[in-house]
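Take a look at the structure set out below.
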Protein chains: 2
Amino acid sequence: MRRPDPSGRPTIVKIAAALDISPSTVSRAFTRPELLHPDTVAAVKAHALEVGYVPNQLARGLVSGRANAIGIVLPDIANPFFPPLIRSIQHTAHESGLSVFIADSADDAGREQELIHDLGPQVHGIINISSRMASRDLQRLAESHNIVLINRDIADMSRVLVDTAPAIAQAVEQLTALGHHHLAYVGGPKASWSNASRSKAVIDAGRRHGVIVDTYDTRLGSYDEAWEATHALVATGATAAIAFDDVMAHGLLNGFAARGVRTPEDISIVGCDDTLATKTQPELTTIAANLDETARTATNILLAHRGRSRVAATRGVQTAQLLPGGSVGPATAVAR
Amino acid sequence: MRRPDPSGRPTIVKIAAALDISPSTVSRAFTRPELLHPDTVAAVKAHALEVGYVPNQLARGLVSGRANAIGIVLPDIANPFFPPLIRSIQHTAHESGLSVFIADSADDAGREQELIHDLGPQVHGIINISSRMASRDLQRLAESHNIVLINRDIADMSRVLVDTAPAIAQAVEQLTALGHHHLAYVGGPKASWSNASRSKAVIDAGRRHGVIVDTYDTRLGSYDEAWEATHALVATGATAAIAFDDVMAHGLLNGFAARGVRTPEDISIVGCDDTLATKTQPELTTIAANLDETARTATNILLAHRGRSRVAATRGVQTAQLLPGGSVGPATAVAR
DNA sequence: CTGTGTCGTGCAAACGTTTGCAAAAAGACG
DNA sequence: CGTCTTTTTGCAAACGTTTGCACGACACAG
């Protein structure tokens, strides 16, 4: 057969030959050293280091049935909410010797499904963040894949959720106390669980405090859409806006500013996810949880089941906190 | 041996058995359909679709010597410069049926080396963005790996560079024409080629136009460092600042604002990379290239050599453009 | 008909590991 | 020193593909 480069990468077999022992022994020196004589392990490791041996994960995964890798599937890498999660997942996985695939579905549920499907055989499992897929499609995929969801709540599937409801309730309460009687929720991506859950939290809290809550839906939840929404918002008389995330809050901030509406004097703004809160002027009041922990939890759910056939359904909840900034102030009369 | 689930994923062998043909034929139906009778191909594909067959990339990569995957290694996923590149690389790779590994080195050259080393056997090649490694270490790695660098210029290695020098020269010229005689360059990450090259471009252009150029070095090139730098900057009498990137430009903008220095009335600011230019107030004047194309070029260099043993050294250059915003204005006398 | 191609398919080896089982070596004990 | 354990090692099969080679079938020319 093909012999690409005769002196290719060192393999277990070559090391075994050089040391005049069996390949199994070399293999075990790395995977089950406690089974071997310490001297043997030392000799193997020394030689391996010398020749620069790196275990071939493909062969490893092939025989053991599952690769030493996990996948991340998400709607849009460029959304600042995701990169910190990715980083944290990758670091956690790396500690266990796993590599990480990344796949961006461009906000397309069909593509998302395809990516999970294609990634399936080469990974131990997949962390699917802010999935846009239909629940039944996810459940079907979960029959043949280890899937852990982040910010998507589906019964019988493993998931880690950031619960923003308490902090949103707190924000609404504070706004009410400051004299705001008319709030607006500026919504994010349609198919997003986070959006549905935040929207509901604002409406519920508004109802409890007897204030008006308008809801502005957007398609993608982008900065530009939020910017544009300010046009409609100024006309309603709302004195405070809660945005789906910080990117949109930022869009509101700048959109209002462009229309001569000052924050927080004329309008109060609350963001979410703390992706750029301290970088705006004024600094955003926002709502956020510890994403590092969210990511680690999700990754560990996946890793806990290495070897086991199926990941048992788990539900992890992370509670977000209200982080006061300078974008909230007392209500004032506004042109309506 | 281990038989985890008797009726596991469909394989080529099972399909072959079901259709009463040889596994080779099934394999060829996917990889070399032109060798087969069209009817055979159709039958195989139909059956494969029905049972939900997905080729096992591990086995595939094992026998063919290289995996159907590439890796991305970079210093910090959370830096907004990278995600668009990642997305573009992943999409391009996906079109060729390749998956993408992501690895974040946390700005640590040692870790970067380790990640490339570990990823090596499971990928066809690695795109190393803004590498922090020493040149000789990279060159040594390149002996045993297909590596394409982005924003790192090393002879005899494949690389794609964003050339900001012409646009920086143009910016300096414009600033000079507006009466600025004292510029500052606020530098980014120490080990970054982009930083070295931008710094040099500012200094060279300043010299040509006979203006003073101060250089402020930072360790990481962060927003906060830029913010802090404004303290020192206001004392020097510089009337314009060119920042390593938009994140730092943003830090300058807000840092100056906090000190009562207005942009562009009191200070002009030029950013780089166009990661958030339109989202600041005023909008940043910035310098940027088409990252999509950069990413695609790098990916294609890697893909062009599938099967070939080694990727030939290539040098691609993308020229960045000056994008006028509202953060540059005429020079005014400033307290010095 | 026989010889020569061409096309479609099958055989079997190989890729680099892991791992169940069994054999060999080394200690323990009387 | 035998015998019995325990520790350490080796053998060989298996994972799911790809691919060099060869064989059979069929077509067409001579």
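No hydrogens, no waters, no symmetry mates; every other heavy atom, side chains included, goes into these values. Each chain gets a letter, A, B and so on, in the order the sequences are listed, and its residues count up from 1. Keep in mind that what you see is a predicted model, and the values were worked out from it rather than measured.
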Give, for atom CD1 of A/I150 and atom CZ of A/F81, the distance between the pair rounded to the nearest 0.5 Å. 7.5 Å
To the closest 0.5 Å, what do you measure between CD1 (A/I147) and CD (A/Q139)?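 The CD1 atom of A/I147 sits 10.5 Å away from the CD atom of A/Q139.
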Checking contacts here: which listed nucleotide ([options]) is nearest the side-chain heavy atoms of [X]?
{"X": "B/T25", "options": "D/dT17, C/dG10, C/dC21", "value": "C/dG10"}
{"X": "A/H37", "options": "D/dT8, C/dA12, D/dG10", "value": "D/dT8"}
{"X": "B/V63", "options": "C/dG10, D/dC11, C/dC15", "value": "C/dC15"}

Starting from [atom2] on [N], measure out to [atom1] on [X] and report it in whole angstrom.
{"X": "B/L36", "N": "D/dT19", "atom1": "CG", "atom2": "P", "value": "14 Å"}
{"X": "B/I21", "N": "C/dC7", "atom1": "CD1", "atom2": "P", "value": "20 Å"}
{"X": "A/E34", "N": "D/dT9", "atom1": "CD", "atom2": "P", "value": "13 Å"}
{"X": "A/L19", "N": "D/dG10", "atom1": "CG", "atom2": "P", "value": "10 Å"}
{"X": "B/I15", "N": "D/dT18", "atom1": "CD1", "atom2": "P", "value": "11 Å"}
{"X": "B/D20", "N": "C/dG10", "atom1": "CG", "atom2": "C1'", "value": "12 Å"}
{"X": "B/L35", "N": "D/dC21", "atom1": "CG", "atom2": "P", "value": "15 Å"}
{"X": "A/R32", "N": "D/dT9", "atom1": "CZ", "atom2": "P", "value": "14 Å"}

Using distance alone, with no hydrogens and no angle criterion, decide if [X] and [Y] have a side-chain donor and acceptor under 3.5 Å apart.
{"X": "A/R60", "Y": "A/T31", "answer": "no"}
{"X": "A/Q57", "Y": "A/N68", "answer": "yes"}
{"X": "B/S131", "Y": "B/N128", "answer": "yes"}
{"X": "B/S192", "Y": "B/R152", "answer": "no"}

Over all strands shown, is A/T11 touching base, sugar-phosphate only, or nothing at heavy-atom distances under 4.0 angstrom?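 Sugar-phosphate contact only.
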Touch class at under 4.0 angstrom, heavy-atom based, for B/R28 against every strand present: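 The answer is base, as B/R28 lies within the cut-off (heavy atoms under 4.0 Å) of a base atom.
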Would B/D76 and A/R87 pass as an ion pair if we require N to O under 4.0 Å?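 Counted as a salt bridge, because a side-chain N and a carboxylate O are separated by less than 4.0 Å.
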Salt bridge or not for A/R132 and A/D107, using N-O below 4.0 Å?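 Answer for the salt bridge query: yes.
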If an axis is fit to five pairs at each end of the helix from C/dC1-D/dG30 to C/dG30-D/dC1, what is the angle between the two, to the nearest 10°? 40°
Counting distance alone, no hydrogens or angles: does the base of C/dC15 have a donor or acceptor under 3.5 Å from a partner atom on the side chain of B/S64?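 Per atom types, no contact qualifies.
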Spell out yes or no: do the side chain of A/R9 and the base of C/dG16 have one donor N/O and one acceptor N/O closer than 3.5 Å?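 By the distance-only test, no, there is no pair.
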Quick one: is D/dT9 close enough that its OP1 or OP2 comes under 4.0 Å of any side-chain N or O from A/S22? no
Heteroatom pairs (N/O) under 3.5 angstrom, protein to nucleotides 24-26 of chain C:
none

Candidate list A/V100, A/T92, A/L119, test side-chain contact (heavy atoms from CB on, under 4.5 Å), partner A/I70, passing option: A/V100
Using the test salt bridge (charged side-chain N to carboxylate O under 4.0 Å, His left out), find all partners of B/R296 that sit at least two apart in sequence or belong to another chain. none
By salt bridge (charged side-chain N to carboxylate O under 4.0 Å, His left out), A/D153 pairs with (sequence neighbours left out) A/R159, A/R315
With a 3.5 Å cut-off and sequence neighbours excluded, list the donor-acceptor pairs that the side chains of residues 36-50 of chain A form with protein atoms.
from  : atom 1 : to    : atom 2 : distance (Å)
A/H37 : NE2    : A/D39 : OD2    : 3.4
A/T40 : OG1    : A/H37 : O      : 3.4

Those residues of residues 39-62 of chain A lying under 4.0 Å from DNA chain D by at least one heavy atom: A/T40, A/L62
